[in-house]
Amino acid sequence: PEQEADAYRKEQRKGVDPLERMNILVKNSNLEGLAIGDIPGRKEISVVVSRVKRLGAPEVQTATDQTVLHQGDIILAVGSKKNLDKFRVIVGVECDANLHKAPGRVVTRKVVVTHKAVLGKTIDQLELDERYSVTVTRVSRTEIEMTALPELALQFGDTVQLVGEE
C-alpha cells in the first residue's frame, strides 16, 4: 500500500514544475510607478510577487498587487523556474539579495482552508491583499504545490501560504 501511494503521488506530480523563488532587481524603466498587478504578462506567466525592498530601505515589506514599483527596488517572485526566467526578462535582472531572509516585519504563514464561506471562491474574490495586506503565494492541494493565481478556486483542505506583516 505504501509503494502504491508513493507511485500515485509521483504520477500526480508528473508535468508539474516545482515552485521556486527569485530575487529580481527592477531595472525596466517602463515599470517606474506601475503597480505590481499591472506588470504586463505577470498573470499569464503565473508568477506571484510576495516581498519588496525599496532602494536604500533597511527592511523588506509585503508586496501586493497594489504595490507601486520603482527602479532599484528588489522584489521576491514565486513561480516555476521557466516562468520566473520569463518574468525576470520583463522586470530586470536576478540579484544576490535574499528577501526571504532579509530583516523586516514580513512573515509567512500556512493556513488550511476549512471555512465554508471560502470554499469555491477564487483567491481574487477573497481580496486578501486589499483587506489584510497579505499575499497568497502558493496553494498546496493533495501534495501538489501551485502558484496562487487570482482565478484559482479554493477547495476544502487546500493549504495556502500567506505573506504579510506581523
Side-chain angles (χ1 to χ4, degrees), residues 9 11-24 26 28 30-54 59-70 73-92 99-100 102 104-166:
R9 282 192 285 273
E11 184 65 29
Q12 290 294 97
R13 286 192 205 111
K14 206 182 250 184
V16 176
D17 293 329
L19 297 184
E20 299 182 12
R21 296 183 193 101
M22 182 182 286
N23 295 282
I24 303 171
V26 178
N28 183 344
N30 294 318
L31 300 181
E32 180 66 35
L34 195 66
I36 289 172
D38 296 329
I39 296 174
R42 184 185 65 87
K43 290 177 183 169
E44 294 80 4
I45 295 174
S46 303
V47 168
V48 175
V49 177
S50 65
R51 292 171 167 83
V52 61
K53 185 174 185 293
R54 302 288 183 194
E59 295 188 340
V60 69
Q61 304 169 345
T62 303
T64 67
D65 277 355
Q66 292 76 39
T67 302
V68 174
L69 291 179
H70 302 286
D73 289 348
I74 300 172
I75 58 174
L76 177 61
V78 177
S80 69
K81 175 73 171 132
K82 176 179 67 177
N83 291 347
L84 287 170
D85 286 339
K86 290 178 186 175
F87 187 65
R88 175 189 44 77
V89 169
I90 295 168
V91 175
L99 298 194
H100 188 67
R105 297 181 52 228
V106 178
V107 295
T108 301
R109 298 281 185 265
K110 290 187 177 185
V111 177
V112 179
V113 176
T114 58
H115 199 282
K116 285 182 183 178
V118 175
L119 301 179
K121 295 238 169 127
T122 66
I123 291 171
D124 200 33
Q125 289 172 326
L126 295 177
E127 299 178 331
L128 296 174
D129 53 346
E130 292 97 351
R131 291 181 184 186
Y132 306 106
S133 295
V134 297
T135 299
V136 182
T137 59
R138 304 164 191 243
V139 176
S140 297
R141 179 175 297 157
T142 62
E143 298 186 26
I144 297 174
E145 196 173 55
M146 303 172 276
T147 306
L149 300 177
E151 65 275 2
L152 181 65
L154 296 176
Q155 297 178 4
F156 186 86
D158 284 351
T159 301
V160 295
Q161 185 165 311
L162 304 172
V163 177
E165 298 194 11
E166 295 185 282

> For the pair N28 (side chain) and I90 (backbone), establish whether a donor and an acceptor sit closer than 3.5 Å, ignoring hydrogens and angles.
yes

> Do K86 and N83 have side-chain heavy atoms sitting under 4.5 Å apart?
yes

> Between V78 and T147, is any pair of side-chain heavy atoms under 4.5 Å apart?
no

> Backbone N or O of K82 within a donor-acceptor pair of the D85 side chain at under 3.5 Å?
no

> Give the intermediate values and the outcome of side-chain contact (heavy atoms from CB on, under 4.5 Å) for residues Q66 and D129.
CA-CA 8 Å; Q66 292 76 39; D129 53 346; 3.5 Å; yes

> Could you go step by step and tell me if R109 and V107 meet the side-chain contact (heavy atoms from CB on, under 4.5 Å) rule?
CA-CA 7 Å; R109 298 281 185 265; V107 295; 3.9 Å; yes

> Closer than 3.5 angstrom, by distance alone: can the side chain of S140 be matched with the main-chain N or O of E143 as a donor-acceptor pair?
no

> Could you tell me the separation between the OG1 atom of T137 and the CD1 atom of I123, rounded to the nearest 0.5 Å?
9.0 Å

> Could you go step by step and tell me if R54 and V52 meet the side-chain contact (heavy atoms from CB on, under 4.5 Å) rule?
CA-CA 6 Å; R54 302 288 183 194; V52 61; 4.2 Å; yes

> Taking atom NE2 as the centre, does H115 end up with more than 12 heavy-atom neighbours from other residues, nucleotides or ligands that are less than 6.0 angstrom away?
no

> Quick one: pull up CD1 in I74 and CZ in R51 and give me the separation to the nearest 0.5 Å.
13.5 Å

> Show, in sequence, the C-alpha distance, side-chain angles and deciding distance for V160 and V113, and conclude whether the side-chain contact (heavy atoms from CB on, under 4.5 Å) test is met.
CA-CA 7 Å; V160 295; V113 176; 4.2 Å; yes

> Less than 4.5 Å apart, any side-chain heavy atom of K53 and any of E59?
no

> Distance-only, no hydrogens or angles: does the D124 side chain make a donor-acceptor pair with backbone N or O of E151 under 3.5 Å?
no

> What are the two closest heavy atoms between L31 and P40, and how far apart are they?
CD2-CD, 4.2 Å

> Taking 4.0 angstrom as the limit, do K81 and E20 come out as a salt bridge?
no

> With the side chain counted from C-beta on, respond yes when S133 and T62 share a heavy-atom pair under 4.5 Å apart, and no when they do not.
no

> To the nearest 0.5 Å, what is the distance between CD on E127 and OG1 on T64?
12.5 Å

> Considering all heavy atoms of both residues, which atom of V60 and which atom of A102 are nearest to each other, and what is their separation?
CG1-O, 3.9 Å

> Would a 4.5 Å heavy-atom cut-off, applied to side chains only, mark L69 and I39 as touching?
yes

> Which value, rounded to the nearest 0.5 Å, describes the distance between T159 atom OG1 and K110 atom NZ?
7.5 Å

> Locate the shortest heavy-atom distance separating A153 from G120; write the atom from each residue and the value.
CB-O, 3.7 Å

> Just by modelled atom types, is the I36 backbone N or O under 3.5 Å from a matching donor or acceptor in the R42 side chain?
yes

> To the nearest 0.5 Å, what is the distance between CE (M146) and OG (S80)?
14.0 Å

> Has the side chain of R105 got a donor or acceptor atom that lies under 3.5 Å from a matching backbone atom of E166?
yes

> Do L154 and L119 touch side chain to side chain, with heavy atoms closer than 4.5 Å?
no

> Evaluate the side-chain proximity of T108 to Q161: yes if any heavy-atom separation is below 4.5 Å, no if none is.
yes

> If you compare all heavy atoms of L76 against all heavy atoms of L99, which two are closest, and at what distance to 0.1 Å?
N-CD1, 3.7 Å

> Please round to the nearest 0.5 Å and tell me the distance separating atom CD1 of I24 and atom CD1 of I75.
5.0 Å

> Could you go through the salt bridge (Lys or Arg N to Asp or Glu O under 4.0 Å) check for E145 and R138 one step at a time?
CA-CA 7 Å; E145 196 173 55; R138 304 164 191 243; 3.2 Å; yes

> Please name the pair of heavy atoms, one in P150 and one in T122, separated by the smallest distance, quoted to 0.1 Å.
O-CB, 3.3 Å

> Just by modelled atom types, is the A63 backbone N or O under 3.5 Å from a matching donor or acceptor in the T135 side chain?
yes

> Of all the heavy-atom pairs spanning V136 and L128, show the shortest one and how long it is.
CG2-CD1, 3.6 Å

